[in-house]
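After the C-alpha cells below, expect a handful of questions from me.
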Amino acid sequence: MVRDYHQFLSEVLITKEQIDRRIAEVGAEISRDYADGNLLLVCILRGGVVFLTDLMRQITVPHTIEFMAVSSYGVGRRESQGQARITLDLNTNIFGKDVLLVEDIIDSGHTIASVLELLATRKPRSLNVCTLLDKAQRREVEVPIRYTGFVIENKFVFGYGLDIDEYYRNLPFVGVVDLDKFSQG
Ligand code: IMP
Ligand code: MG
C-alpha cells in the first residue's frame with residue numbers, strides 16, 4: 001500500500017509558488033544565455049521530468065528535448081554509490097549541440113558526473129547542468145552546475161519529480177520526509 005504522504009511529511013520545504021517563480025527566473029536566464037545557441041535540453045529521467053516540462057515553457061529560445069535514464073541506486077537504496085549506469089541513452093547525435101542537462105537534484109554528484117563524462121566524449125559544443133535542487137553539503141565529487149533552482153540542506157525530500165520508492169513524484173511542492181514517521185508506517 002502506498003501511504004498518504006501526510007503521514008510522514010515533516011514540512012513543505014518549497015511551495016509550488018516558490019518553484020514557479022524560481023523557474024521563471026532560471027528560464028529567463030537560460031533564454032538570454034542561449035540566444036545564439038543550438039540548445040538541447042537533456043532530461044535525466046525520471047526525477048527531472050516535472051522540472052523539464054515547467055522549465056521548457058519558460059524558455060523563449062528555440063530548443064529541442066531528449067531523455068536519458070541513469071540508475072545510480074541499487075534497488076531500494078536511497079544513496080548512490082559511485083559510477084552510474086546508463087539505462088536509456090539519447091536517440092540523437094549531440095555533436096556541435098549546446099547540451100543542457102536537466103536534473104531534479106544533485107546530491108553526492110556521482111550520477112551527474114558520470115553523465116557529464118559520457119556526454120563529453122560525444123563532443124557537444126557546450127555541456128552544462130541545470131538542477132532544481134542542490135544538496136551542496138553532500139557533494140563527494142565536484143560537478144560544475146550552471147543553473148541552480150534552490151540549494152537545500154541535507155534532508156531527504158520528495159515531490160515535484162522526486163520520489164520515495166518511485167511514488168509521490170506528482171506532488172506540486174518539495175516536501176521533507178520525517179524518516180522516523182516514514183519507517184514506522
Ligand atoms: P547523486 O548521484 O548522489 O548526486 O544522486 C542524484 C540522484 O539521487 C537524483 O537524481 C535523485 O534521483 C536521487 N536523490 C538524491 N537525493 C534525493 C532526495 O532527497 N529525494 C529523492 N531523490 C533523491
Ligand atoms: Mg530517484
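Order of listing sets the numbers, starting from 1, for every ligand and every atom in it.
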> Is ligand 1 less than 4.0 angstrom away from at least one heavy atom of F156?
Replying inline: yes
> Looking at ligand 1, does any of its N/O atoms fall within less than 3.5 Å of an N/O of V157?
Replying inline: yes
> Between R146 and D33, does a salt bridge (charged side-chain N to carboxylate O under 4.0 Å, His left out) hold up when you go through it step by step?
Replying inline: CA-CA 11 Å; R146 179 82 172 263; D33 293 350; 3.6 Å; yes
> Which atoms of ligand 1 are found less than 4.0 Å from any heavy atom of E103?
Replying inline: 10 (O)
> What atoms in ligand 1 come closer than 4.0 Å to a heavy atom of K155?
Replying inline: 19 (O)
>> With salt bridge (charged side-chain N to carboxylate O under 4.0 Å, His left out) as the criterion, how do K97 and E66 come out once you've worked through the C-alpha distance, each side chain's angles and the decisive distance to 0.1 Å?
In response: CA-CA 12 Å; K97 293 261 174 81; E66 266 282 354; over 6 Å; no
>> Residue-level breakdown please: for I112 versus ligand 1, do any non-hydrogen atoms fall below 4.0 Å on the side chain, on the backbone, on both, or on neither?
In response: neither
> Between Y34 and Y147, how do the two ring planes meet: parallel, tilted or perpendicular, split at 30° and 60°?
Replying inline: tilted
>> Using only atom types and a distance under 3.5 Å, with no angle test, would you say the side chain of R3 pairs donor to acceptor with the backbone of F182?
In response: yes
> How does R138 reach ligand 1, if at all, at less than 4.0 Å between non-hydrogen atoms: by side chain, backbone, both, or neither?
Replying inline: neither
> With respect to F158, which candidate in V174, D163, L9 satisfies the side-chain contact (heavy atoms from CB on, under 4.5 Å) definition?
Replying inline: L9
> Can G109 be said to touch ligand 1, with heavy atoms closer than 4.0 Å?
Replying inline: yes
>> Under 4.0 Å from a heavy atom of D163: which atoms of ligand 1 are those, numbered in the order shown and with their elements?
In response: 21 (C)
>> Please classify the D107 to ligand 1 contact at 4.0 Å (heavy-atom distances, strictly less than): side chain, backbone, both or neither.
In response: both
> Does D20 have any side-chain hydrogen bond (donor to acceptor under 3.5 Å, both in side chains) partners at least two apart in sequence or in another chain, and if so, which?
Replying inline: K16
>> I'd like to check which ligand 1 atoms, numbered from 1 as shown, lie under 4.0 Å from a non-hydrogen atom of T111.
In response: 1 (P), 2 (O), 5 (O), 6 (C)
> In a check of side-chain contact (heavy atoms from CB on, under 4.5 Å) between I94 and each of L127, L119, N38, which one passes?
Replying inline: L119
> Is it the side chain, the backbone, both or neither of E140 that has a heavy atom closer than 4.0 Å to ligand 1?
Replying inline: neither
> E153: what forms a side-chain hydrogen bond (donor to acceptor under 3.5 Å, both in side chains) with it, not counting sequence neighbours?
Replying inline: none
> Non-hydrogen atoms of K135 versus ligand 1: any pair closer than 4.0 Å?
Replying inline: yes
>> Which option wins on minimum heavy-atom distance to atom 22 (N) of ligand 1: V176, I152, L162?
In response: L162
>> Quick check: do S114 and V70 have side-chain heavy atoms less than 4.5 Å from each other?
In response: no
